[in-house]
There are 2 protein chains.
Amino acid sequence: MPKVAKKYDFAVIASDIVIFTIRKNKLNVLLIKMQKEPYRHNYWATPGGLVRPDESVDESARRNLFEKTGVKNVYLEQLYTFGEIGRDPFGRVVSVAYFALIPSDNVRLKTTKEYGNVQWFGIANLPKLAYDHKEIIATAYERLQKKLEYSNIAYSLLPKKFPLSELQKTYEIILKRKLDKRNFRKKILSLDLVKKTNATESGRSNRPAALYEFANKTAQIMSIL
Amino acid sequence: MPKVAKKYDFAVIASDIVIFTIRKNKLNVLLIKMQKEPYRHNYWATPGGLVRPDESVDESARRNLFEKTGVKNVYLEQLYTFGEIGRDPFGRVVSVAYFALIPSDNVRLKTTKEYGNVQWFGIANLPKLAYDHKEIIATAYERLQKKLEYSNIAYSLLPKKFPLSELQKTYEIILKRKLDKRNFRKKILSLDLVKKTNATESGRSNRPAALYEFANKTAQIMSIL
DNA sequence: ACAAAAGTGTTATAAGTACACCCATGG
DNA sequence: CCATGGGTGTACTTATAACACTTTTGT
């Protein structure tokens, strides 16, 4: 990537993907360990790479995410474009950042020799980050919080069937605040966001929860909180 | 622009600016007449141009807007990045689109020999548009409508002092719907969005309106409608 | 005196928030 | 029978929506 920028002395375009999931009651971000100087010493970065001339920027984001981490079939949307001059020490790279979500039960990671390894990090325990990726992740996190409140994208963080309490927990983890159980259920049900399946959760020492599924797994704007 | 893209056969980055104002009770967009094939015959485009290696993408947007139209000191924010492969017939150009607002009393246009002329168009009467600029303008218009409802950016469309009815008219024109005068005033005043000056409007054959000014001319998120 | 826009409150409806107990299961 | 999370309704408060007349000026 840097070589290209230096060689032509023109800005080139990369895509970077901030992918979130919920694991162990924490919001997690997927990062790749850097191998190159000056970032070789324990710096990490979001998956990404140069945009090729024969692919759209969106396609580039999907391809880079898959090639570098093995993750596919995710909710993906453009986040913001980071275009400050000094953001990449190797050359003039403008990055179109994307924001992605995946259910935790769906993840299969990959390790490439180019990047060393790939790992989930809790949003509250991020390692040292290369480039301006700290800022990119912060922007993505803000977007996630806002978007949970005014859209149905939570569908892309949960498994196919889930108890309502798990949906509520997802909201609470991401928004970092407690929600009232009755009001939450009332709202979710009145919006017809989910519908009951006839399955229930079992094997735990309490009343079994009814399992729900999302009524519509396409992104929609709606006021949830 | 196209020459560069062809020469290196790599994606290059441009910025495009969709600038809005209100003129004659209509929402207007500033466009520049195209001179090059295949767009020479009455196609228009938003102001923009290549991002230089020594400027950030934001700076590029401001510079291009000023150089091509003479417009400066505007509200400017990043809108969306358009990265489809075929969007520019000359080569692989990814465009970072910006969204700008200016009060109509503030506009001074410029004509350059490169672009021929520069002109305001009513949003409902746009000419043929080059590249994917029709889509870019549509995206900007959606952003403007939403942002009027949840932020104070209207401050950048109005002159320093204005009657409340003009603020209301601005909302009505952009949102394409009538608002209730009493409810609108109540809301605006209760938010302390504006404060009364001791000036009044005169010279018209009706009761003179009190003139208001915005309490805070920095962008802020607040629920207005 | 008339035309034209400014200015001003009240009521009804809807949405949001706060809050506590019983239920079904596993161990 | 106890611990655990599941499941349910009502009262209060706040925000939104609907609606009509009087005031001030210029001509």
Side-chain angles (χ1 to χ4, degrees), chain A residues 22 24-25 145-146 148-152 154 158-159 161-173 175-213 221-225, chain B residues 22 24-25 145-146 148-152 154 158-159 161-173 175-213 221-225:
Chain A
I22 303 277
K24 301 177 196 150
N25 293 329
Q145 289 185 316
K146 284 182 196 146
L148 265 198
E149 301 205 326
Y150 70 80
S151 84
N152 65 341
L158 290 163
K161 297 181 180 184
F162 51 89
L164 282 186
S165 60
E166 194 180 335
L167 179 59
Q168 181 177 344
K169 208 166 58 184
T170 299
Y171 271 82
E172 291 178 337
I173 290 166
L175 300 179
K176 290 199 277 201
R177 59 181 224 255
K178 277 277 171 202
L179 299 173
D180 180 272
K181 181 168 43 158
R182 279 175 291 192
N183 294 339
F184 183 79
R185 294 166 84 100
K186 204 187 312 176
K187 194 64 196 281
I188 296 298
L189 293 171
S190 75
L191 290 168
D192 291 317
L193 194 68
V194 297
K195 55 187 184 201
K196 211 177 218 165
T197 67
N198 36 26
T200 54
E201 207 185 26
S202 63
R204 284 217 311 276
S205 66
N206 54 27
R207 177 171 173 177
L211 295 179
Y212 288 77
E213 60 191 354
I221 303 302
M222 49 173 76
S223 169
I224 297 198
L225 292 186
Chain B
I22 303 276
K24 301 177 196 150
N25 293 329
Q145 289 185 316
K146 283 181 196 144
L148 264 198
E149 300 205 327
Y150 70 79
S151 84
N152 65 341
L158 290 163
K161 295 181 182 184
F162 54 88
L164 282 186
S165 60
E166 194 180 334
L167 178 59
Q168 182 176 343
K169 208 164 60 185
T170 298
Y171 271 81
E172 290 178 335
I173 290 166
L175 300 179
K176 291 199 275 200
R177 59 180 223 255
K178 277 278 169 201
L179 299 173
D180 180 272
K181 181 168 43 157
R182 280 173 292 190
N183 292 339
F184 182 79
R185 293 176 161 245
K186 204 185 311 173
K187 194 68 195 279
I188 297 297
L189 293 172
S190 75
L191 290 168
D192 292 316
L193 194 67
V194 296
K195 56 186 182 200
K196 211 179 217 165
T197 67
N198 36 25
T200 55
E201 208 184 25
S202 63
R204 284 216 313 276
S205 65
N206 54 28
R207 176 171 174 176
L211 295 178
Y212 288 77
E213 60 190 355
I221 303 303
M222 50 173 77
S223 168
I224 297 198
L225 291 187

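Letters A, B, ... are given to chains in the order of the sequence lines, protein chains preceding strands, and every chain is numbered from 1.
Panel note: side chain B/Glu213, backbone B/Thr197; no donor-acceptor pair is recorded below 3.5 Å. Between the side chain of A/Glu201 and the main chain of A/Leu211, no donor-acceptor pair closer than 3.5 Å is present.
Side-chain contact between B/Tyr212 and B/Leu167: absent, with no pair of heavy atoms (C-beta onward) separated by less than 4.5 Å. Proximity of B/Ile173 to B/Asn25: side-chain heavy atoms (C-beta onward) are separated by under 4.5 Å at one or more points.
When the side chain to side chain contact (heavy atoms under 4.5 Å, CB included) test is applied to B/Lys24, no partner is found at least two apart in sequence or on another chain. Considering only residues two or more places apart in sequence or on other chains, B/Gln145 meets the side chain to side chain contact (heavy atoms under 4.5 Å, CB included) condition with B/Tyr141, B/Ile174, B/Leu175, B/Lys176.
Side-chain nitrogen and oxygen atoms of B/Ser165 include none within less than 4.0 Å of the OP1 or OP2 phosphate oxygen of C/dA5.
Across the protein-nucleic acid pair, B/Ile188 atom CD1 and C/dG7 atom P stand 14 Å apart, rounded to whole Å. The nearest whole Å value for the distance from the CG atom in B/Leu164 to the C1' atom in C/dT8 is 13 Å. B/Glu201 has its CD atom 13 Å from the C1' atom of D/dT24, to the nearest Å. The CG atom of B/Leu167 sits 12 Å away from the P atom of C/dA6 (whole-angstrom rounding). Atom CG of B/Asp180 and atom C1' of C/dG9 are 12 Å apart (whole Å). When rounded to the nearest whole Å, the span between CG of A/Leu179 and P of C/dG16 equals 13 Å.
Within residues 191-199 of chain B, no residue places a heavy atom under 4.0 Å from DNA chain D.
Note that CE of A/Met222 is 14.5 Å distant from CD of A/Glu149, once rounded to the nearest 0.5 Å.
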Pairs under 3.5 angstrom only: tabulate donor-acceptor contacts from the side chains of residues 188-196 of chain A to other protein residues two or more places apart or in another chain.
{"unit_1": "A/Ser190", "atom_1": "OG", "unit_2": "A/Lys186", "atom_2": "O", "d": "3.3"}
{"unit_1": "A/Ser190", "atom_1": "OG", "unit_2": "A/Lys187", "atom_2": "O", "d": "3.0"}

Close N/O contacts between protein and nucleotides 14-17 of chain D (under 3.5 Å):
{"unit_1": "D/dT16", "atom_1": "OP2", "unit_2": "B/Lys187", "atom_2": "NZ", "d": "3.2"}

Spell out protein contact along nucleotides 20-27 of chain C as letters: B when the base is contacted, S when just the sugar-phosphate is, - when no protein heavy atom is under 4.0 Å; keep the 5' to 3' order.
B--BBBS-
